Amino acid sequence: MRAPADFAYALPDGLDSAAAAPLLCAGVTVYSPLRKHIRAPGAAVAVLGVGGLGHLAVQFAHHMGAVVTAVDIDPSKESEARKLGADHFVEFGSAYTECKGRFDVIINCVSASINFPGVIGMLAPDGVAVQCGIPGGGAVINLDLQDVVFGQKALAGSIVGGRADMQEMLSLCAAKGIAPMVQVMKLSQLNEALAALKAGKPRYRIVMETDI
């Protein structure tokens, strides 16, 4: 296959195509803001939502030297999150009070509306909350401006990343063994894959492989 170089990336040795496919979207979506906002090893980072984006964000933040807290509504994900590199796990229900003023960086990977004043409240002074997940329905964020101003806190958005971030991320994944959790299915199983996706069963990405 030939393709314009502007739309192609060299895969490092040791990184197979099934692992690379989700990295080219979900991977760089969380890698780019972590690379930008983690300023030093030991930074306190929270990943909200251990799913398709979040399970990669936990790995990246860990390998960037951060102290990582995974936050999710499902307590059964704690063991998995810790294996991926999380130092701590907190359930959403208690996170807003238990983690108040704790984090330098929060990566919100949740694609649903959540208590955003509570999220900002979890930031330490000079912290930044980055919105990566995109809720549907024209979601709106309402904030306590006094908390933002007097805490010198910031809200940022991030959508994918540039070519330099992409190639750097792929190299890091190959060097550190960072990989998405994928289920490989054949294109002839497309209907089964879509049914599984609709039921919310994939953990965390389905990669389709050509067989037709």
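Model, not experiment: these values are computed from the prediction. Every heavy atom of this structure was used, including side-chain atoms; hydrogens, water molecules and symmetry mates were not.
With hydrogens and angles ignored, the 3.5 Å screen pairs a side-chain donor or acceptor of Q189 with a backbone N or O of K186. Using a distance-only test at 3.5 Å, with no hydrogens or angles considered, no donor-acceptor pair links the side chain of D104 to the main chain of G127. At distances below 3.5 Å, not a single donor-acceptor pair connects side-chain atoms of Q59 with backbone N or O atoms of G85. The backbone N or O of M181 sits less than 3.5 Å from a side-chain atom of H55, completing a donor-acceptor pair. Judged by distance alone, with hydrogens and angles left aside, the side-chain atoms of D87 form no donor-acceptor pair with the main-chain N or O of T69 at under 3.5 Å.
Counting only heavy atoms from C-beta outward, the side chains of L187 and E209 never approach each other to under 4.5 Å. Within the 4.5 Å cutoff, no side-chain heavy atoms of F150 are placed close to those of P125. Side chains of M166 and L24 form a contact here, defined as non-hydrogen atoms less than 4.5 Å apart. You'll find the side chain of R205 stays beyond 4.5 Å of the side chain of Q183, heavy atoms only. Side-chain contact between L170 and L23: present, with at least one pair of heavy atoms (C-beta onward) separated by less than 4.5 Å. For the pair E91 and I73, the minimum side-chain heavy-atom distance is 4.5 Å or more.
Cluster membership check: L155 shares its hydrophobic cluster with V119, using side-chain heavy-atom separations under 4.5 Å among Ile, Leu, Val, Met, Phe, Trp and Tyr. The hydrophobic cluster containing L56 also contains V45, counting ILVMFWY residues as joined when their side-chain heavy atoms lie under 4.5 angstrom apart, directly or transitively. By the rule that hydrophobic residues join a cluster once side-chain heavy atoms approach within less than 4.5 Å of another member, V182 and M208 end up as members of separate clusters. The hydrophobic cluster containing L48 also contains F116, counting ILVMFWY residues as joined when their side-chain heavy atoms lie under 4.5 angstrom apart, directly or transitively. The hydrophobic clustering, which links ILVMFWY residues whose side-chain heavy atoms are closer than 4.5 Å, places I106 and V110 together.
With rounding to the nearest 0.5 Å, the separation of OH in Y31 from CD1 in I178 is 8.5 Å. Atom NZ of residue K83 and atom NZ of residue K77 lie 15.0 Å apart, to the nearest 0.5 angstrom. Note that CD1 of I141 is 11.5 Å distant from CG of N115, once rounded to the nearest 0.5 Å. Note: I120 CD1 to N142 CG = 12.0 Å, rounded to the nearest 0.5 Å. To the nearest 0.5 Å, atoms CG (L84) and OG (S79) are separated by 9.5 Å.
The two residues A95 and M122 come nearest to each other via the heavy atoms O-SD, 3.4 Å. Across every non-hydrogen atom of T29 and C25, the tightest pair is OG1-O, 2.7 Å. Between A86 and V58, the closest heavy-atom pair is N-CG1, 3.6 Å. The minimum heavy-atom distance between A57 and L34, with the atom names listed, is O-CD1, 3.6 Å. For the residue pair D74 and F89, the shortest heavy atom distance occurs at O-CZ, 3.5 Å. Closest of all the heavy-atom pairs between C132 and V30 is SG-CG1, 4.5 Å.
In summary, D165 and R35 do not engage in a salt bridge, as defined by a charged side-chain N under 4.0 Å from a carboxylate O.
A cation-pi geometry, defined here as NZ or CZ lying under 6.0 Å from the six-membered ring centre and within 45° of its normal, holds between R163 and Y9.
Taking the side chain to side chain donor-acceptor pair (under 3.5 Å) definition, one finds that N108 meets it with Q131, sequence neighbours left out. In this structure, Y96 has no side chain to side chain donor-acceptor pair (under 3.5 Å) partners at least two apart in sequence or on a different chain.
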Apply side chain to side chain contact (heavy atoms under 4.5 Å, CB included) to S111 and I134, showing your working. CA-CA 5 Å; S111 57; I134 306 176; over 6 Å; no
Give the C-alpha distance, both sets of side-chain angles, the deciding distance and a yes or no for salt bridge (Lys or Arg N to Asp or Glu O under 4.0 Å) between D126 and K153. CA-CA 5 Å; D126 291 320; K153 300 174 182 180; over 6 Å; no
Show, in sequence, the C-alpha distance, side-chain angles and deciding distance for L190 and L194, and conclude whether the side chain to side chain contact (heavy atoms under 4.5 Å, CB included) test is met. CA-CA 6 Å; L190 180 59; L194 291 173; 4.2 Å; yes
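Within a 6.0 Å sphere centred on CG of L11, other residues, nucleotides and ligands contribute more than 12 heavy atoms. Within a 6.0 Å radius of CD in Q152, other residues, nucleotides and ligands contribute 12 heavy atoms or fewer.
In summary, the side chains of Y204 and E80 do present a donor paired with an acceptor at a separation below 3.5 Å, with no hydrogens or angles considered.
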